Chemist: 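First the structure, then my questions, so here it is.
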Amino acid sequence: MRKALTKGAALGMASLLCALSLAGCGAAPAAKPADTAKPGEAAKPADGAKPADGAKPADGAKIAGDFEIQYFVGGYGDSWWKEVIGEFQKKYPDLKIKQSAGSQINDQMKPRWIQGNPPDVVYIDGAGSNEAQMVKDDQLMDISDWVKTAKNVDGDKLTDQLIAPPQDFNGKNYTIPLVFGSWGTFYDEALFKKNGWTVPTDWDSFLATSEKIKASGINPYIHTGKYPYYIVGGLVNSGFVSENGDNPQILKDQEAAKEKAFKNDAVAKTLQKLVDMRDKGYFDNASFGINHTDSQMLFLQRKDAMLPNGLWLENEMKKDVPADFKFGFIPSVMQKPGGKNIVIPYTNNIAIAKKAKNPEAAKAFVQFIFTKKAATRWAEQTGAIMNVKADLEATNASGVVKAAMKYFNSSNTIVAPVFKLNADLEQAESDATIALLQKKITPDEWMDRMEKAAAKARGSK
């Protein structure tokens, strides 16, 4: 699940991607939990590992002592983490590295963060994680000055290697995006081809295709009611941008909890489209109350033709995908005919704890992983894009991500800035969206709820 994709990238991100020839991405907000990772697993140095000239970083500080890394294990798995941490251990053999990892690690580690005893480095992903909230709670190190001049282990300026820059929190940086991806609507190309259904390119064609799908006895659309941020990220946010004259500033205004950011014509028109889908019976009734895995399984079983998700989907469900199933991806469907595609990006970030016990090792680890080599290995092992400018064309990045790149590289596409609501606003939006889809509230009431939540957020700053 994407904690959900952050995590303010520049609006020119599409042109950057165009030049990179990238392929591959991924919670994701949160992805499918893995049950194999164990909290507290220590990385062991290889036999005969020698410090050579790697015992000290560029600034000359010796890297040694205890060092702890917290990372969520979901759809991306943990093989990349184990590999890169193992290589980091070889470079700095005087470190005693502890890996606190797993599908439930965010909940398991929460008491330690509250008590002021966090790990040194944290990968912010999965249910129960929210970097905006961590910044608000003063849990992360201000890296604004350091990251401006930091170089990776290859000697390249770290920020020059990034697709999406470190997120801006009122002029300061606390996190660096590690993963870059996009929300959108997924479909099965094989199923569409078999039935002669037109792949939607705008709202009108989406409605027309949905009618044909419904007439065939298949549900046009399913979402995960237990985690509403999937439908918000994969469908609703792109509608806000499109109805706002293709101006994604509306999302940054919502992030900042500005007055009227959740109550305006763009929001009202988008919510009405959601109501139209609801009233036309396009949503699978099973959507309400099910989790992301269940909705994805129904999609793979072709009980449902489309669903909102992130680019980690194919890799997350690879063990369950039918042999004749072919993932298709559409970044947005709510635009008017002739309107631009809207990409809602997400990033999963890495950060150093403000109360890190070994900050020098933490900085050295960040410098170690943001390299083209690490980015290539990430693509090969996860099928996703790491937030590094690297040529991934020859890697085994997922087919759906390569298809998505065609949208990213198109002049007819707008890439919105990366943004993230704080935890309270995100929860309020999730609750209001489900209530709207269940006919418990109207679009006006949705907007009123969110305006009250935004006012409360402004008052708590």
Side-chain angles (χ1 to χ4, degrees), residues 3 7 27-28 30-31 33-34 36-46 49 54 57 61 63-74 76-113 115-126 128-129 131 134 139-141 143 146-147 150 152-153 158 174-179 347-371 373-375 377-378 381-382 386-388:
K3 309 325 153 256
K7 28 209 165 46
T36 57
K38 299 178 181 179
E41 181 176 351
K44 298 179 180 179
I63 304 301
D66 293 336
F67 175 58
E68 184 177 6
I69 304 170
Q70 174 186 332
Y71 60 90
F72 168 79
V73 181
Y76 302 131
D78 61 3
S79 61
W80 180 86
W81 287 101
K82 290 182 179 299
E83 179 178 300
V84 76
I85 291 172
E87 292 176 352
F88 184 66
Q89 177 75 84
K90 292 177 184 178
K91 184 172 180 63
Y92 299 111
D94 292 332
L95 279 175
K96 183 179 180 181
I97 302 177
K98 179 181 180 181
Q99 299 181 48
S100 294
S103 62
Q104 305 300 316
I105 196 61
N106 296 322
D107 289 335
Q108 293 166 1
M109 295 290 285
K110 187 171 294 184
R112 286 183 51 188
W113 284 94
Q115 294 162 11
N117 180 32
D120 298 289
V121 169
V122 57
Y123 168 58
I124 307 170
D125 188 10
S129 68
E131 64 274 13
M134 296 179 82
Q139 294 177 332
L140 305 180
M141 179 185 292
I143 59 171
W146 173 75
V147 78
N152 65 14
V153 291
L158 197 152
Y174 299 90
T175 66
I176 302 176
L178 181 69
V179 183
T347 58
N348 301 121
N349 293 269
I350 194 163
I352 300 172
K354 182 176 182 178
K355 295 185 177 180
K357 299 177 183 65
N358 197 339
E360 293 304 326
K363 292 176 181 178
F365 182 72
V366 172
Q367 291 168 291
F368 186 81
I369 63 175
F370 280 98
T371 64
K373 176 184 176 182
R377 292 297 292 146
W378 176 271
Q381 295 191 41
T382 69
M386 186 175 160
N387 186 39
V388 171

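In what follows, every heavy atom counts, from backbone to side chain, and hydrogens, waters and symmetry copies are set aside. Fair warning: this is a prediction, and the values are worked out from it, not measured in the lab.
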Chemist: Is there a side-chain contact between Pro118 and Gln139 (heavy atoms, below 4.5 Å)?
Modeler: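 Contact flag for Pro118/Gln139 side chains = no.
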
Chemist: Look at the aromatic rings of Trp80 and Trp378 and report parallel, tilted or perpendicular, splitting at 30° and 60°.
Modeler: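 Rings of Trp80 and Trp378: perpendicular, as their planes differ by over 60°.
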
Chemist: I would like to know whether Val122 and Leu140 meet side chain to side chain contact (heavy atoms under 4.5 Å, CB included); could you show each step before the answer?
Modeler: CA-CA 9 Å; Val122 57; Leu140 305 180; 4.3 Å; yes

Chemist: Taking all non-hydrogen atoms of both residues into account, name the closest pair between Val73 and Ala101 and its distance.
Modeler: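 Looks like CG2-CB, 4.0 Å.
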
Chemist: Using a 3.5 Å distance criterion without hydrogens, assess whether the side chain of Asp120 forms a donor-acceptor pair with backbone atoms of Asn358.
Modeler: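 Between the backbone of Asn358 and the side chain of Asp120 there is a qualifying donor-acceptor contact (under 3.5 Å).
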
Chemist: Please identify which of these residues, Gln108, Arg112, Glu68, meets the side chain to side chain donor-acceptor pair (under 3.5 Å) condition with Ser100.
Modeler: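 Among Gln108, Arg112, Glu68, the one meeting side chain to side chain donor-acceptor pair (under 3.5 Å) with Ser100 is Glu68.
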
Chemist: Main chain of Phe370, side chain of Gln367: is a donor-acceptor contact present, judged purely on distance under 3.5 Å?
Modeler: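 Side chain of Gln367 to backbone of Phe370: no pair is present.
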
Chemist: Measure across Ala362 and Val121 and return the closest heavy-atom pair with its distance rounded to 0.1 Å.
Modeler: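 For Ala362 versus Val121, the nearest heavy atoms are CB-CG2, 3.5 Å.
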
Chemist: List the steps, then state whether side chain to side chain donor-acceptor pair (under 3.5 Å) holds for Glu131 with Thr175.
Modeler: CA-CA 8 Å; Glu131 64 274 13; Thr175 66; over 6 Å; no

Chemist: Do Lys91 and Val153 touch side chain to side chain, with heavy atoms closer than 4.5 Å?
Modeler: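 A side-chain contact under 4.5 Å exists here.
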
Chemist: Measuring from atom OH of Tyr174 to atom CE of Met134, what distance do you get when rounded to the nearest 0.5 angstrom?
Modeler: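 Between Tyr174 OH and Met134 CE, I get 13.0 Å after rounding to 0.5 Å.
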
Chemist: Taking Asn349 for its side chain and Ile124 for its backbone only, find out whether a donor-acceptor pair lies under 3.5 Å.
Modeler: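 No, Asn349 side chain to Ile124 backbone: no donor-acceptor pair under 3.5 Å.
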
Chemist: State, to 0.1 Å, how close Ser129 and Gly126 come at their nearest heavy-atom pair, and which atoms those are.
Modeler: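 Ser129 and Gly126 have their closest heavy atoms at OG-O, 2.7 Å.
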
Chemist: Could you measure the distance from the CD1 atom of Ile63 to the CZ atom of Phe88? Nearest 0.5 Å is fine.
Modeler: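 One gets 6.5 Å once the value is rounded to the nearest 0.5 Å.
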
Chemist: Under 3.5 Å, is there a donor-acceptor pair between the side chain of Gln70 and the main chain of Asn106?
Modeler: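 The answer is no, because no donor-acceptor pair under 3.5 Å joins these two groups.
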
Chemist: To the nearest 0.5 Å, what is the distance between CD1 (Ile350) and CG (Asp125)?
Modeler: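 These two atoms lie 11.5 Å from each other.
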
Chemist: Drop me the distance from Trp81's CH2 to Gln99's CD, to the nearest 0.5 angstrom.
Modeler: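 Rounded to the nearest 0.5 Å, the CH2-CD separation comes out at 9.5 Å.
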
Chemist: For Ile369, is there any backbone N or O sitting under 3.5 Å from a side-chain donor or acceptor partner on Asn152?
Modeler: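 Absent.
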
Chemist: Using a strict cut-off of less than 4.0 Å between a Lys/Arg side-chain nitrogen and an Asp/Glu carboxylate oxygen, indicate whether Arg377 and Glu87 qualify as a salt bridge.
Modeler: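 Glu87 and Arg377: not salt-bridged.
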
Chemist: Does a side-chain heavy-atom distance below 4.5 Å link Ile143 with Val366?
Modeler: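 Side-chain contact under 4.5 Å: no.
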
Chemist: Atom NZ of residue position Lys355 - does it have more than 12 heavy atoms of other residues, nucleotides or ligands inside 6.0 Å?
Modeler: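 It does not: Lys355 NZ has 12 such atoms or fewer within range.
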
Chemist: Can you tell me how far apart NZ (Lys357) and CZ (Phe67) are? Round to the nearest 0.5 Å.
Modeler: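 Between Lys357 NZ and Phe67 CZ, I get 12.0 Å after rounding to 0.5 Å.
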
Chemist: With Trp113, which of Gln115, Met109, Lys110 fulfils side chain to side chain contact (heavy atoms under 4.5 Å, CB included)?
Modeler: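 Only match with Trp113 under side chain to side chain contact (heavy atoms under 4.5 Å, CB included): Met109.
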
Chemist: If the test is side chain to side chain contact (heavy atoms under 4.5 Å, CB included), which one of Asn348, Thr371, Leu178 qualifies with Met386?
Modeler: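 Among the candidates, only Leu178 passes.
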
Chemist: Measuring from atom NZ of Lys98 to atom CD1 of Ile85, what distance do you get when rounded to the nearest 0.5 angstrom?
Modeler: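 Atom-to-atom, Lys98:NZ and Ile85:CD1 are 13.0 Å apart.
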
Chemist: Determine whether a donor-acceptor pair (N or O, by modelled atom type, separation under 3.5 Å) exists between the side chain of Asn387 and the backbone of Pro177.
Modeler: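 Side chain of Asn387 to backbone of Pro177, a donor-acceptor pair under 3.5 Å: yes, one is there.
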
